[in-house]
2 protein chains.
Amino acid sequence: MAQAVRHDSMRAGNLAVVLGELDRHGPLTRAALAETTGLTKTTVSKLVGDLIEAGMAVESGTVRDGERGRPGVAVRLSGHRVAALGLEINVDYLAACVVDLSRTVRLLRTQAVDNRAASPADVITRLGELATAMLADAAGLGLSVAGAIVALPGPVDRSTGSVHRAPNLGWRDVSVTESLSLPLPLLVDNEANLAALGELWFGSGASLGDFLHVSGEIGIGAGLVVDGALFRGAHGFAGELGHVVVAPDGPACRCGGTGCLERYAGQDALLPAGGEIAELVARLRAGEPAATAACERAGSALGVALTTAVNLLDPDTIVLGGIFAPLFPWVSGPVEKAMRERLGQMRARVPALVVSRVGADGATLGAAGQVIQRIIADPGAFLLEVTDPS
Amino acid sequence: MAQAVRHDSMRAGNLAVVLGELDRHGPLTRAALAETTGLTKTTVSKLVGDLIEAGMAVESGTVRDGERGRPGVAVRLSGHRVAALGLEINVDYLAACVVDLSRTVRLLRTQAVDNRAASPADVITRLGELATAMLADAAGLGLSVAGAIVALPGPVDRSTGSVHRAPNLGWRDVSVTESLSLPLPLLVDNEANLAALGELWFGSGASLGDFLHVSGEIGIGAGLVVDGALFRGAHGFAGELGHVVVAPDGPACRCGGTGCLERYAGQDALLPAGGEIAELVARLRAGEPAATAACERAGSALGVALTTAVNLLDPDTIVLGGIFAPLFPWVSGPVEKAMRERLGQMRARVPALVVSRVGADGATLGAAGQVIQRIIADPGAFLLEVTDPS
DNA sequence: GATATTTAGTCCACAACATAGACTAAATCG
DNA sequence: CGATTTAGTCTATGTTGTGGACTAAATATC
């Protein structure tokens with residue numbers, strides 16, 4: 001609980017500080033690192049030496065920063081050795097990616113499968129095969145994969161690695177970490193959460209400030225990123241935007257309530273007759289009035305729900321992802337209108353509304369990125385793992 | 001930004017760990033501290049010695065923990081030297097309190113004044129007089145006051161110490177820290193936020209887990225406490241529960257929107273003809289149907305807004321404070337009904353609904369408590385201040 | 001073109017802090 | 001009364017960062 005600082009953790013902390021600085025502020029010389037971290041040049045040199053030895057950083061050319069003086073050697077994160085595996089189980093596909101320490105996507109593979117038709121055990125077996133193939137390919141690239149996270153479309157218990165209920169998959173109480181055995185640390189997380197992190201590291205990124213990322217699918221989830229980390233709430237179920245009440249007397253929702261956002265702006269509300277979002281986009285492009293009206297309705301409801309979310313969570317930016325990304329041109333107007341009307345008078349600035357820049361792979365990439373984030377936040381633990389093969 | 005660990009900050013960090021442990025887990029022997037912190041007995045002894053010398057801890061009797069062996073000396077937080085000042089400006093009163101390091105309330109004074117009638121400058125002058133008197137009394141008790149926080153009824157900019165708009169006071173862009181000059185560090189914060197912290201430290205406390213504290217007044221604010229700290233959002237305006245949309249087509253609100261919770265459950269909605277909450281309680285006790293119906297309506301609306309808040313913020317517990325504390329017996333039913341209906345099916349556990357245990361002084365006490373919290377989180381800084389009179 | 005100046009990075013003696021284990025102190029058990 | 005157990009202190013030691021002297025490599029100045 002209370003974490004005391006000792007000599008070894010002091011060192012680990014300083015390694016993390018240096019690596020974090022390299023991660024956030026690009027290539028830096030040792031002198032610049034000493035300045036920004038407040039450590040002495042001597043200390044920085046030693047720490048950088050360790051990081052280079054561990055394959056987590058490399059020197060990359062010289063830089064003349066000022067006008068005069070000896071040029072410095074730029075040091076940057078190196079992705080040539082350390083990597084992470086991101087996995088995703090979704091309704092109609094499996095996906096896996098390998099991302100290296102510099103957050104470069106090295107491998108990405110998607111497999112279209114109808115996972116509703118298969119049993120959870122079969123799905124997990126298939127994911128295991130995909131993961132094993134990816135690990136082999138990663139080894140071929142000389143990468144050492146430090147860990148993996150599985151993205152799941154439903155509320156998860158991260159401590160047990162299980163999904164309580166994933167209605168879209170038809171799963172109940174399935175433990176993924178128990179069934180999936182891979183030769184590395186494995187965790188699970190919610191797809192909407194990881195999509196938000198995917199946007200942070202592989203999309204518009206830090207320019208968004210603190211943002212709320214909306215994942216529209218059949219359900220509607222959201223992930224709030226504050227200071228580069230997810231806000232999860234007490235039990236990890238924060239960000240359930242789909243069941244925000246838009247109209248207390250509205251239609252019944254599968255959650256037991258009435259008038260939830262999902263009933264107005266979920267995929268089933270936009271496509272009551274079924275079908276693909278791509279078809280809806282085609283009808284919208286053709287200017288079909290019924291399609292435009294449906295988006296108008298969904299956008300207004302989404303605007304009301306997001307107004308509420310802004311009042312409670314206070315983000316800088318709102319990112320629309322999932323099905324709302326292709327529909328952005330048609331829903332953004334009503335959403336912005338609702339937010340301006342309801343927030344404009346009280347707040348100096350209404351949060352900006354932008355479209356997600358990562359596509360369907362957001363959650364898969366976010367999963368791998370989260371593993372990388374953990375390594376950067378505590379390189380000492382990983383260093384031990386690599387150098388000490390006990 | 002990136003905070004490196006050096007020898008001095010290692011020491012400061014360990015002082016904070018020991019003091020934090022004493023704060024959370026009551027009186028402890030040096031041996032017990034060594035066990036829980038992971039530090040050696042030698043180190044703990046040195047740290048405890050420093051804390052005792054600084055007047056932040058004291059030895060208090062011996063304890064026989066096990067069956068055999070030498071009994072240990074219990075060490076606990078001491079409030080005899082270090083204290084903090086909490087201040088509050090509200091619509092119809094000023095308040096000040098002095099709380100010591102062990103979070104004992106040593107002084108508390110309230111002054112009934114109609115602050116809407118006076119100019120901001122006059123109000124602040126009067127608060128300054130109250131604060132100066134409190135500081136003199138604290139000095140008389142041998143207390144050294146380390147800092148102060150002013151609670152204000154409106155959104156504040158904590159970096160400049162100013163309120164942008166406090167509609168209930170009729171204030172616009174008033175900087176309190178600039179106008180109020182006291183011989184100690186002074187900060188400002190929002191009343192609803194500080195009331196939540198007041199509940200944490202002077203009310204039901206840590207038994208609540210992560211909780212959302214609702215401050216019902218003319219407006220309705222809320223403060224979310226996660227892991228013993230306030231969730232503030234990107235700009236510090238999180239928790240604006242009063243403007244959560246309960247019915248998109250509802251009555252217009254002063255915020256520019258329509259159907260905000262405030263219009264259904266704020267003080268003006270419960271008492272459309274004006275008057276005091278105490279009178280409403282009397283009518284409720286008498287069983288007056290109109291009064292009961294008003295609470296029913298307010299409770300249902302509050303239940304809808306809280307359902308939404310739970311979906312987005314995921315707290316363990318919801319605490320009703322402000323005007324909802326005396327009205328609790330009449331509003332809690334409808335609130336719980338709404339939450340059970342709308343959340344019961346999706347969640348294993350619907351958050352518990354409890355009444356606030358701190359009264360009107362919650363924000364004032366929370367203000368002082370927040371200063372104490374800062375000292376406990378970084379005793380090193382305070383130690384320097386005391387021992388080094390530069 | 002030689003020298004001064006500036007900046008980067010390394011080296012070495014030193015200081016700060018925590019550690020490990022021996023030691024003393026004070027209780028209960030047999 | 002001695003053996004055992006637990007609390008707390010003392011001393012030598014180890015790890016880590018510091019500060020300043022030093023070397024290295026560039027530009028500026030004359």
Side-chain angles (χ1 to χ4, degrees), chain A residues 2-18 21-22 27-53 57-76 379-380 383-384 387, chain B residues 2-18 22 27-53 57-76 379-380 383-384:
Chain A
Q3 265 321 309
V5 187
R6 288 141 56 173
H7 282 125
D8 50 353
S9 51
M10 171 162 71
R11 185 123 236 277
N14 284 338
L15 273 172
V17 165
V18 168
E21 204 64 24
L22 288 177
L28 289 167
T29 64
R30 291 171 175 80
L33 279 169
E35 179 133 15
T36 56
T37 61
L39 296 163
T40 60
K41 289 188 292 176
T42 312
T43 306
V44 168
S45 280
K46 273 192 285 190
L47 293 168
V48 167
D50 283 5
L51 290 174
I52 289 176
E53 202 180 340
V58 280
E59 300 190 334
S60 66
T62 56
V63 279
R64 270 184 303 285
D65 207 32
E67 294 297 299
R68 297 218 277 258
R70 171 178 167 179
V73 179
V75 177
R76 58 172 175 76
L383 242 145
L384 268 178
T387 53
Chain B
Q3 264 321 310
V5 187
R6 287 140 55 172
H7 283 128
D8 49 354
S9 51
M10 171 163 68
R11 184 127 238 277
N14 284 339
L15 272 174
V17 165
V18 169
L22 289 178
L28 288 167
T29 65
R30 291 172 176 79
L33 279 168
E35 178 133 14
T36 58
T37 62
L39 295 163
T40 61
K41 289 187 291 176
T42 313
T43 306
V44 168
S45 280
K46 272 191 287 190
L47 293 168
V48 166
D50 284 5
L51 289 174
I52 289 176
E53 201 180 341
V58 279
E59 300 190 334
S60 65
T62 56
V63 280
R64 272 182 304 284
D65 208 30
E67 294 297 298
R68 297 215 278 260
R70 168 179 170 180
V73 179
V75 177
R76 59 172 176 76
L383 242 145
L384 268 178

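Source: prediction; values computed, not measured.
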Taken to the nearest 0.5 Å, the spacing of A:Leu47 CG from A:Leu33 CG works out to 9.5 Å

Given C:dT19, D:dG17, C:dT10, identify the nucleotide with an atom nearest to the side chain of A:Lys41.
C:dT10

Just compare C:dG9, D:dG8, D:dT18 and give me whichever is closest to any side-chain atom of A:Val73.
C:dG9

Is a donor-acceptor contact shorter than 3.5 angstrom present between the side chain of A:Thr42 and the base of C:dC11?
yes

Could you say whether A:Gly38 or B:Glu59 is positioned toward the 5' end of DNA chain D, judged by the nucleotide with the nearest heavy atom to each?
B:Glu59

Find the distance B:Asp50:CG to D:dT9:P and express it as a whole number of Å.
13 Å

Taking the side chain as C-beta and beyond, is there a heavy-atom pair between B:Asn14 and B:Met10 under 4.5 Å?
yes

Find the distance A:Asp8:CG to D:dG17:C1' and express it as a whole number of Å.
15 Å

Could you tell me whether the phosphate oxygens of D:dG17, OP1 or OP2, come under 4.0 Å of any side-chain nitrogen or oxygen in A:Asn14?
yes

Check if the side chain of A:Arg30 and the base of C:dA8 share a donor-acceptor pair of N or O atoms closer than 3.5 Å.
no

At less than 3.5 Å, do the side-chain atoms of B:Arg68 and the base atoms of C:dA27 form a donor-acceptor pair?
no

Measure across A:Ala57 and A:Leu22 and return the closest heavy-atom pair with its distance rounded to 0.1 Å.
CB-CD1, 4.3 Å

Around atom CZ of B:Arg11, are there more than 12 heavy atoms of other residues, nucleotides or ligands at under 6.0 Å?
yes

Going by modelled atom types, is there a donor-acceptor pair between the base of D:dT15 and the side chain of A:His7 at under 3.5 Å?
yes

Do B:Arg70 and C:dA27 share a donor-acceptor pair, side chain to base, under 3.5 Å?
no

Figure out the CG/P separation between A:Leu33 and C:dT7, and round it to whole Å.
18 Å

Between D:dT16 atom P and A:Leu39 atom CG, what is the distance in whole Å?
14 Å

Taking only N and O in the side chain of A:Ser45, is any of them less than 4.0 Å away from OP1 or OP2 of C:dT10?
yes

Which nucleotide in the list C:dA18, C:dG9, D:dA7 gets nearest to the side chain of B:Met10?
C:dA18

Would you say a side-chain N or O of B:Arg11 is under 4.0 Å from OP1 or OP2 of C:dA16?
no

Pick the nucleotide of DNA chain D nearest each of A:Thr43 and B:Ala74; which residue has the one closer to the 5' end?
B:Ala74

Gap between atom OG1 of A:Thr40 and atom CZ of A:Arg30 - 0.5 Å precision:
13.5 Å

Could you please name the option among D:dA25, C:dT19, D:dG17 that lies closest to any side-chain atom of A:Pro71?
D:dA25

Phosphate contact (D:dT16 OP1 or OP2) by B:Arg6 side-chain N/O below 4.0 Å
no

Within the structure shown, what part of the strands sits under 4.0 Å from A:Val44 by heavy-atom distance: base, sugar-phosphate, or nothing?
nothing

Checking A:Ser45 side chain against A:Lys41 main chain: does a donor-acceptor pair fall under 3.5 Å?
yes

Spacing between B:Leu47 atom CG and C:dC17 atom C1', to the nearest angstrom:
10 Å

